[in-house]
There are 2 protein chains.
Amino acid sequence: MGVTIHDVAAHAGVSVATASRALSGQRGVRQANRDKVVAAARELGYEPNVVAASLRSRTTHTIGMVVPRIGNPFFATLVEEVEKQLQGGNRSLLLANSDYQPEVERRQVQALLDRRVDALLLIPCHRERSEEALAAAAARIPVVQLDLRVDGFDASWVGVDNEAGMRELLGHLDARRTVFVGAEPTDSSAQSRLDGYRRAGAGDEVLLGDFSKEWGEKAAGRLLSEGLPEAVVCGNDVIALGVLAEFARRGVRVPQEVRVTGFDDIPYAELGQPALTTIRQPQAEIAAEAVRVLHDRLAGVETTSRRTAITPALVARSSG
Amino acid sequence: MGVTIHDVAAHAGVSVATASRALSGQRGVRQANRDKVVAAARELGYEPNVVAASLRSRTTHTIGMVVPRIGNPFFATLVEEVEKQLQGGNRSLLLANSDYQPEVERRQVQALLDRRVDALLLIPCHRERSEEALAAAAARIPVVQLDLRVDGFDASWVGVDNEAGMRELLGHLDARRTVFVGAEPTDSSAQSRLDGYRRAGAGDEVLLGDFSKEWGEKAAGRLLSEGLPEAVVCGNDVIALGVLAEFARRGVRVPQEVRVTGFDDIPYAELGQPALTTIRQPQAEIAAEAVRVLHDRLAGVETTSRRTAITPALVARSSG
DNA sequence: TTGAAAGCGCTAACAC
DNA sequence: GTGTTAGCGCTTTCAA
C-alpha cells in the first residue's frame with residue numbers, strides 16, 4: 001500500500017513503461033532489465049493495483065456469475081466447478097444470488113456490468129422475464145447461460161437435455177400410473193422436464209409448485225389423500241427428498257407402496273433412506289464447457305452463440 | 001460504454017464536479033441542477049464506470065469472502081445470508097473457495113486484496129496454517145472471521161459456541177457409552193467440538209477423519225465391526241448423514257439399536273429417515289452480525305476486534 | 001528495446 | 001453551490 005510501479009521502476013533504474021512490460025510478462029524487454037524489475041518488485045513488496053490496470057486496459061479479469069439460489073446444492077456444486085475451472089486462468093468470480101426473482105436478477109446483473117466484469121455466466125431464473133437482464137448483459141460482454149435459459153433469445157447456453165433425461169427415467173420406471181410433482185414452468189428446466197414428462201406419454205397427472213422440499217412434502221400429503229400412483233416423478237431432487245420425508249413420516253413404504261424419483265443427483269440424493277433414483281447432471285462437464293465457451297469468446301475465437309446440450313444419465317437406486 | 005460523466009455534465013449544462021456530486025447523492029447541489037443532471041444521465045444512458053471511481057476514491061464497494069467449500073450446504077447458506085445482508089447496502093460479494101487448502105486460501109485472499117476489496121469475510125480453513133492469509137488481509141483491510149477462526153490471532157470473529165453445543169447434545173443423549181466421529185482438528189470447529197466432547201466427560205472414544213459423508217460411511221462400518229455404542233456423536237451433519245446411510249445399508253436400525261447425532265442443522269438433516277437430531281447454527285444471525293461488525297469497522301466506528309459467540313440450540317429429532 | 005507522455009473516467013481539493 | 005484542476009496507478013501509443 002503505497003509502493004507503485006514508479007517506485008519499482010526507479011529502484012530498478014528503468015522507466016515505468018519498461019517496468020510495466022516486464023511485470024506483465026510482455027516480450028520486448030531485455031532479460032537483464034526484466035530480472036532487475038522483478039527483483040525490485042519483490043524487494044519493495046510491490047502489489048500491483050489491478051483497479052488502475054483495469055481502468056486503463058479495460059479488462060478486469062473477473063467473471064460475473066448469477067445463480068437463482070446458492071443454497072441449492074445443485075447450483076452450489078456448479079459454482080464450485082466453475083471456480084475450479086477459473087483457478088488456473090487468473091480470473092476471479094464475482095458471485096450474485098437472484099433468489100429466483102427477475103427483478104433482483106436484473107439489479108445483480110447491472111451491478112456486475114457496472115463493475116466491468118469481462119464476461120457473465122447467467123443461470124436465468126425465469127424463461128421469459130430474465131430476458132431483459134440477459135439482453136442488457138449480452139449487449140456489452142460475452143454471456144453464457146448455464147443450466148437454465150431464456151426462451152427464444154440468441155445467446156450461448158450449456159446445459160442438459162431435460163427431455164431426454166425424463167424419457168430415460170420413465171423408460172426405467174415402466175409404470176402403469178405415474179404422477180409428476182414439479183415446479184410451475186417459470187424457468188426453462190421446470191418447463192422442459194414437464195414437457196418431457198408429457199411427451200413421453202406418461203399421462204397428464206401433474207402437480208405444480210416450486211423447487212422446494214416444502215412443496216414436495218405438501219404434494220406428498222395431497223397424493224396420500226387422493227390415492228397413490230405407482231410412481232411419483234419429481235421435478236428435482238429437492239422436491240423428491242421432501243416427498244420421501246413426508247411419506248416416511250406417514251408410514252408409507254418406498255418403493256413397496258410407491259416409487260419415487262428425482263432429477264439432478266445432488267449429493268444428498270444417495271444419502272436418504274431409501275436412496276433416491278434420479279438423473280445425474282454432470283456439473284463438472286457443464287462448468288468446463290461453459291468456461292471454455294467463455295474463454296473462446298473472450299479470446300475472439302468464437303463470435304456466434306453456441307448451444308450445448310449434454311445427455312444426462314440415469315442413476316438407479318432403491319427408491320424407484 | 002462511451003458516454004462519460006463529461007457528456008452528462010455538458011448535456012446538463014453544469015461542470016463535471018457538480019454532475020459527480022449530483023449523481024453520487026452528495027448534498028451541496030441545488031435541486032434544479034440535481035434534477036438536470038439525473039435527467040441528462042438517464043437520457044444519454046449513462047453508466048458510471050465504477051472502476052474509475054474506485055481508483056480515485058479508493059473504495060470498491062466490494063466485500064471479499066472466502067469459504068472452505070461452497071458445496072457444503074452449511075457454508076452455502078452462510079453465503080446466501082451474507083448476500084442478503086449486503087443487498088441493501090450497494091456492496092457486492094466477491095466469492096472464492098479455498099477447498100480446505102491453506103495454500104489455495106492464501107492465493108485467493110491475495111487475489112481479493114489485489115482487487116482492492118473493501119473488507120474480507122474469511123472462514124479460515126485451518127486453525128494454524130490460515131494465519132498467513134489472515135494476517136496479510138488484516139494488515140490492509142477490516143477482516144471478520146466467520147464460523148471458523150485462527151488460533152490466537154487477534155481478529156474479529158463471529159460464530160457459535162461449539163463446546164456449549166456439544167454439552168447440550170450430550171446432556172440430551174444422556175448415554176452410557178458414546179463414540180465421537182469427527183474430523184481431524186485442523187480447523188477450529190473440528191477442534192472445539194472434539195474438545196467439547198471430551199470435556200463433557202463423554203469419554204475418549206473418538207474416530208477422526210474429515211467432514212465428508214464418505215468418512216461417515218467408513219466410520220460407521222468400523223463401528224459395526226467393533227461393536228456399536230449407545231450413541232454416535234458426529235462432528236457435523238454431513239458426517240452424520242454418511243453414518244446414517246451406511247447403517248441403513250447394513251440394516252442397523254436407528255435409533256433402536258444405536259442413536260446418531262449431527263451438528264449444524266443443514267436443510268438435509270431433517271429430510272433423512274430417521275430425521276437427524278442435531279445442533280442448529282443460526283446462520284442468518286451469524287451473517288447479520290458479521291456484516292454489522294464489518295460495516296462498523298468500515299465506518300470507523302469500531303476499531304478493536306470483537307469476538308461474538310452465539311449459543312446454538314438443540315434440535316431433537318428421531319435419530320437420537 | 002526503451003522512455004516520455006498521454007490518458008482511462010472519475011472524485012476531491014481548492015478556489016471562487 | 002459551483003467550477004477548475006490535479007491526480008488515483010496503470011498501460012499504451014509514439015518516437016527515439
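First the proteins, then the strands, lettered A, B, ... as listed; each starts at 1.
- B:R306 places no side-chain N or O within donor-acceptor distance of the main-chain N or O of B:A155, the cut-off being under 3.5 Å.
- Heavy atoms of other residues, nucleotides or ligands lying less than 6.0 angstrom from CD of B:E132 number 12 at most.
- In DNA chain D, stems built from 3 or more consecutive Watson-Crick or G-U wobble pairs, each with both distances under 3.5 Å, span C:1-16 with D:1-16.
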Atom pairs under 3.5 Å, N or O on each side, protein against nucleotides 14-16 of chain D: can you list them with distances?
none

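- Evaluation of the side-chain hydrogen bond (donor to acceptor under 3.5 Å, both in side chains) rule for B:S192 yields B:N162 as partners, not counting sequence neighbours.
- Residues passing the side-chain hydrogen bond (donor to acceptor under 3.5 Å, both in side chains) test with A:S57: none are found, sequence neighbours excluded.
- Between A:R116 atom CZ and C:dC8 atom P the separation is 14 Å, expressed in whole Å.
- One can place CD1 of B:I5 at 13 Å from C1' of D:dG3, the figure rounded to the nearest angstrom.
- Listed nucleotides: C:dC10, D:dC10, D:dT11. Nearest to the side chain of A:S20: D:dT11.
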Quiz: residues 69-79 of chain A side-chain donor-acceptor pairs under 3.5 angstrom, not counting sequence neighbours:
unit_1: A:R69; atom_1: NH1; unit_2: A:D99; atom_2: OD1; d: 2.5
unit_1: A:N72; atom_1: OD1; unit_2: A:F74; atom_2: N; d: 2.8
unit_1: A:T77; atom_1: OG1; unit_2: A:P73; atom_2: O; d: 2.7

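- The pair B:E47-A:R140 meets the salt-bridge criterion, since a charged nitrogen lies less than 4.0 angstrom from a carboxylate oxygen.
- The list of salt bridge (charged side-chain N to carboxylate O under 4.0 Å, His left out) pairs with a residue in residues 70-81 of chain B, not counting sequence neighbours, reads B:E81-B:K84.
- Rounded to whole Å, atom P of C:dC10 lies 15 Å from atom CZ of A:R115.
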Find every protein N or O atom lying less than 3.5 Å from an N or O atom of nucleotides 6-8 of chain D, and list the pairs.
unit_1: D:dG7; atom_1: N2; unit_2: B:R56; atom_2: NH1; d: 3.4
unit_1: D:dG7; atom_1: N3; unit_2: B:R56; atom_2: NH1; d: 3.4
unit_1: D:dC8; atom_1: O3'; unit_2: B:R58; atom_2: NH2; d: 3.0
unit_1: D:dC8; atom_1: O2; unit_2: B:R56; atom_2: N; d: 3.4

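- With B:E105 contributing its side chain and B:C125 its backbone, the two residues share a donor-acceptor pair below 3.5 Å.
- A donor-acceptor distance shorter than 3.5 angstrom exists from the side chain of A:T60 to the backbone of A:R116, with no hydrogens or angles considered.
- B:R30 has its CZ atom 9 Å from the P atom of D:dG3, to the nearest Å.
- Under the side-chain hydrogen bond (donor to acceptor under 3.5 Å, both in side chains) criterion, B:S188 pairs with no residue, sequence neighbours left out.
- By the side-chain hydrogen bond (donor to acceptor under 3.5 Å, both in side chains) test, A:Q108 is found to be paired with B:E83, residues two or more places apart in sequence or in another chain being considered.
- Rounded to whole Å, atom C1' of C:dA12 lies 9 Å from atom CD of B:Q26.
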Let me check something: any side-chain donor-acceptor pairs from residues 3-13 of chain B under 3.5 Å, sequence neighbours excluded? List them with distances.
unit_1: B:T4; atom_1: OG1; unit_2: B:H6; atom_2: N; d: 3.1
unit_1: B:D7; atom_1: OD2; unit_2: B:T4; atom_2: N; d: 2.8
unit_1: B:H11; atom_1: NE2; unit_2: B:E43; atom_2: OE2; d: 3.3

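- Dashed line: the shortest gap from a side-chain N or O of B:N33 to OP1 or OP2 of D:dT2 is under 4.0 Å.
- Minimum interatomic distance between A:L55 and B:A52 (heavy atoms only, all atoms of both residues): CD1-CB, 3.6 Å.
- Taking atom CZ of B:R34 as the reference point, atom P of D:dT2 lies 9 Å away to the nearest angstrom.
- Distance NZ (B:K36) to P (D:dT2): 9 Å, rounded to an integer number of Å.
- Near-neighbour residues of DNA chain D inside residues 9-19 of chain A, defined by a heavy atom below 4.0 Å, number-ordered: A:A17.
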Could you pull out every donor-acceptor pair under 3.5 Å between side chains of residues 147-154 of chain B and any protein atom, sequence neighbours left out?
unit_1: B:D151; atom_1: OD2; unit_2: B:R127; atom_2: NE; d: 3.0
unit_1: B:D151; atom_1: OD2; unit_2: B:R127; atom_2: NH2; d: 2.8
unit_1: B:D154; atom_1: OD1; unit_2: B:S305; atom_2: OG; d: 2.6

